[in-house]
K.L.:
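The following block contains the structure, expressed as structure tokens.
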There are 2 protein chains.
Amino acid sequence: MSAARPAGTPDPGRAAPDTGAPGGARPGPAGHTRPAGYDPSAFEPFAVTVDLAVFTVREERLHVLLVRRGEDPYRGRWALPGGFLHPRESAEQAARRELAEETGMEPDSTTAPLHLEQLRTYSDPGRDPRMRVVSVAYAALVPGLPEPRGGGDAEHAGWVALAEAGGLAFDHDRILADAHERIGAKLEYTGLATAFCPPEFTLGELQQVYETVWGVTLDRPNFRRKVLATPGFVAPAKDGTRRTGGRGKPAALYRAGAAAALHPPLLRPDPPQPPEGRTP
Amino acid sequence: MSAARPAGTPDPGRAAPDTGAPGGARPGPAGHTRPAGYDPSAFEPFAVTVDLAVFTVREERLHVLLVRRGEDPYRGRWALPGGFLHPRESAEQAARRELAEETGMEPDSTTAPLHLEQLRTYSDPGRDPRMRVVSVAYAALVPGLPEPRGGGDAEHAGWVALAEAGGLAFDHDRILADAHERIGAKLEYTGLATAFCPPEFTLGELQQVYETVWGVTLDRPNFRRKVLATPGFVAPAKDGTRRTGGRGKPAALYRAGAAAALHPPLLRPDPPQPPEGRTP
DNA sequence: TCCTTAATAGTCATCCTGACTATAAAGACC
DNA sequence: GGTCTTTATAGTCAGGATGACTATTAAGGA
């Protein structure tokens, strides 16, 4: 089975005399001859990691799961959880594994209605001062508030309000900002917001998710009308179950619908307007 | 860089003993002790490549830039252009370099109003039968129709209509499908369509881009109204320049506006409706 | 019982959109 | 030159969606 000589042997092929590259076939300043394909002479091993931006909503604020770094560089600083890819796992598998290790939830998504999504890959040379590390970043959403179980070390991992999550190690500030932006955008045209909610939720709770992630306040009747008018966004829970305990009129319970995309989308109130005007 | 491994740092040879659980701290099945940070014992070198899905519109059809593989595996099959990351370049730099090598356009984006965007990263073990390769995929848009210059080999690289671009090597069919979907989606809420057009274009040409990428036909007056009503999408070119030569009334020329995002978006006609209905 | 709080039900004017019709200005054809 | 064809551009019109509000209902707390 594969035995895939994981490391080294820069001969692994992806290559060959390369299409018609006669003499010194190399991409020169302007005159290169070597066109496509993978050039073995360019093969270079990198370390590949995954970094996770795990979000949840706690006390009406958006929180991120962070870990405290125990060694240099950036010792003592907060960082996104993550780790190296194992030899035979995909980046997504690695992300699920790390997520399970940090939060204690099962790696198989059967347990929690979590959402895990690849964000993008960060590959700047020098993003890790020690070595060349290419990191595939993932954004994850979890509903409840499972206290992180950072290896039993209470100080090691924790939920940090997004507003206070600055000064992270490496380029994690940027990754976190990208993840926040991506999630905010996805709330507009997908039913993703339900991933922040428990299996059964009220429309008020769902609205709270939007308001928390977007940092705005929405009109309740309008939000309600929009959500209920969007096919497949939410479906009423069993019978007339209602949320008790709270103040005010009990709210009807809903669960996530089957639709992945919202048509039409639920747009943010005032997106950053382009500073250009047009002749009316 | 004919000398392969100039970047000695990670020392490709010292790959961890594969699944390498060197006794010490490693994320065990359930009981792990090491939480975050990069665990050196888990370090495993991978080959990192970029793959490019370069699109253009030719003869009212969407085309992709493909290269013919000259060696096994998948010898003779079409594949997306791409290659290994060089030791000191980021994935984006590598993507620009490869794009320049394949199309002959300058790596610096000053020349062509091209668009280059990271798509996502593909990391399934086994996606390359020879070795473990993690590939960062990029989607690129180019306006004109520069004939690819695949190292002078006419058969080596070429524009292939998307409809005929099946059976690609590796997992490139999937990458290509993902890229197409991403571009189609971005046309909805960004001014990206102008990247397919020359510096000055007519609204008819812009509409052609939408129709080609989405595979639909749009109502011309409505499209016009929508585009002109979106601030910053397009701006009228100089004076009353018009496109001559064609049949019919000469069309006014426009150029790309400053707005990156369209508000409100220009939605596709009938997106795949979720197969769920709701009580009206 | 009264007050507060939150959910839910409507109203209304405005904007956007899709479907169409009409007009203008060029080249093609005879 | 006089059509016809083609494409650009200007409007019209009805329906749907949205934002801003107001009103009512149903709980818990003082």
Side-chain angles (χ1 to χ4, degrees), chain A residues 60 187-189 197 200-212 214 216-234 236-237 239-254 261-271 273 278-280, chain B residues 60 187-189 197 200-211 214 216-231 233-234 236-237 239-254 261-271 273 278-280:
Chain A
E60 311 195 350
L187 289 193
E188 289 189 319
Y189 56 95
C197 299
E200 297 199 331
F201 52 87
T202 71
L203 293 188
E205 293 166 350
L206 186 64
Q207 180 176 350
Q208 186 65 51
V209 169
Y210 276 90
E211 293 181 335
T212 301
W214 286 349
V216 300
T217 60
L218 303 175
D219 180 82
R220 199 183 296 267
N222 289 344
F223 180 84
R224 172 191 193 74
R225 182 222 292 159
K226 184 76 171 88
V227 169
L228 293 182
T230 301
F233 192 0
V234 299
D239 38 53
T241 2
R242 307 192 149 256
R243 173 127 309 169
T244 70
R247 294 188 299 246
K249 183 176 176 177
L253 289 176
Y254 295 84
L262 305 185
H263 294 290
L266 206 163
L267 297 175
R268 278 177 271 201
D270 18 64
Q273 278 293 0
R278 275 193 67 266
T279 46
Chain B
E60 312 195 350
L187 289 193
E188 289 188 321
Y189 56 95
C197 298
E200 299 198 329
F201 51 86
T202 70
L203 294 187
E205 292 166 350
L206 186 65
Q207 180 176 348
Q208 185 65 50
V209 169
Y210 276 89
E211 293 181 335
W214 286 350
V216 300
T217 60
L218 302 175
D219 181 83
R220 199 183 296 265
N222 289 343
F223 179 83
R224 173 189 192 76
R225 182 221 295 158
K226 184 75 172 85
V227 169
L228 294 181
T230 301
F233 191 0
V234 299
D239 37 53
T241 3
R242 305 193 151 257
R243 173 128 308 169
T244 69
R247 295 187 298 245
K249 183 176 177 177
L253 289 176
Y254 295 84
L262 305 185
H263 295 291
L266 206 162
L267 297 176
R268 277 177 273 200
D270 18 62
Q273 279 292 2
R278 275 194 66 268
T279 47

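A, B, ... follow the sequence lines: proteins, then strands. Residue 1 opens every chain.
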K.L.:
Could you check how far CG of Leu253(B) sits from P of dA26(C), rounded to whole Å?
P.N.:
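In whole Å, dA26(C) P lies 14 Å from Leu253(B) CG.
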K.L.:
Donor-acceptor pair under 3.5 Å: do we get one between Arg225(A)'s side chain and the base of dG10(C)?
P.N.:
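For Arg225(A), whose side chain was compared with the base of dG10(C), there is no donor-acceptor pair (under 3.5 Å).
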K.L.:
Round to the nearest Å and state the distance from Leu228(A) atom CG to dA7(C) atom P.
P.N.:
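Computing the Leu228(A):CG to dA7(C):P distance gives 13 Å.
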K.L.:
OP1 or OP2 of dT17(C) less than 4.0 angstrom from a side-chain nitrogen or oxygen of Lys226(B), does that happen here?
P.N.:
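For dT17(C), OP1 or OP2 has a side-chain N or O of Lys226(B) closer than 4.0 Å.
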K.L.:
Are Tyr254(B) and Phe201(B) close enough that their ring centres sit under 6.0 Å apart?
P.N.:
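No, they do not, as the ring centres are separated by 6.0 Å or more.
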K.L.:
Write down the distance between CZ (Arg268(B)) and C1' (dG18(C)), rounded to a whole number of angstrom.
P.N.:
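Taking atom C1' of dG18(C) as the reference, CZ of Arg268(B) is at 18 Å.
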K.L.:
For Arg220(A), which contact category applies under a 4.0 Å heavy-atom criterion: base, sugar-phosphate, or nothing?
P.N.:
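Answer is base: heavy atoms of Arg220(A) come under 4.0 Å of a base.
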K.L.:
Does a side-chain heavy-atom distance below 4.5 Å link Leu206(A) with Cys197(A)?
P.N.:
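Yes, at least one pair of side-chain atoms sits under 4.5 Å.
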K.L.:
Between dA19(C), dC16(C), dA24(C), spot the one nearest the side chain of Lys249(B), thanks.
P.N.:
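Of dA19(C), dC16(C), dA24(C), dA24(C) is nearest to the side chain of Lys249(B).
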K.L.:
Can you pull every protein N or O that's under 3.5 Å from an N or O on nucleotides 28-30 of chain C?
P.N.:
none

K.L.:
Leu267(A) CG to dT17(C) P: how many Å, rounded?
P.N.:
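The answer, rounded to whole Å, is 10 Å.
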K.L.:
Please figure out whether Gly248(A) or Asn222(A) has its closest DNA chain D nucleotide nearer the 5' end.
P.N.:
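The residue mapped nearer the 5' terminus is Asn222(A).
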K.L.:
If every non-hydrogen atom of Glu200(B) is compared with every non-hydrogen atom of Glu205(B), which pair is closest and at what distance?
P.N.:
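Looking at all heavy atoms of both residues, the shortest contact is O-OE1, 4.3 Å.
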K.L.:
Counting just side-chain N and O atoms, does Arg224(B) come under 4.0 Å of either OP1 or OP2 of dA10(D)?
P.N.:
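Arg224(B) to dA10(D) OP1/OP2: side-chain N or O found under 4.0 Å.
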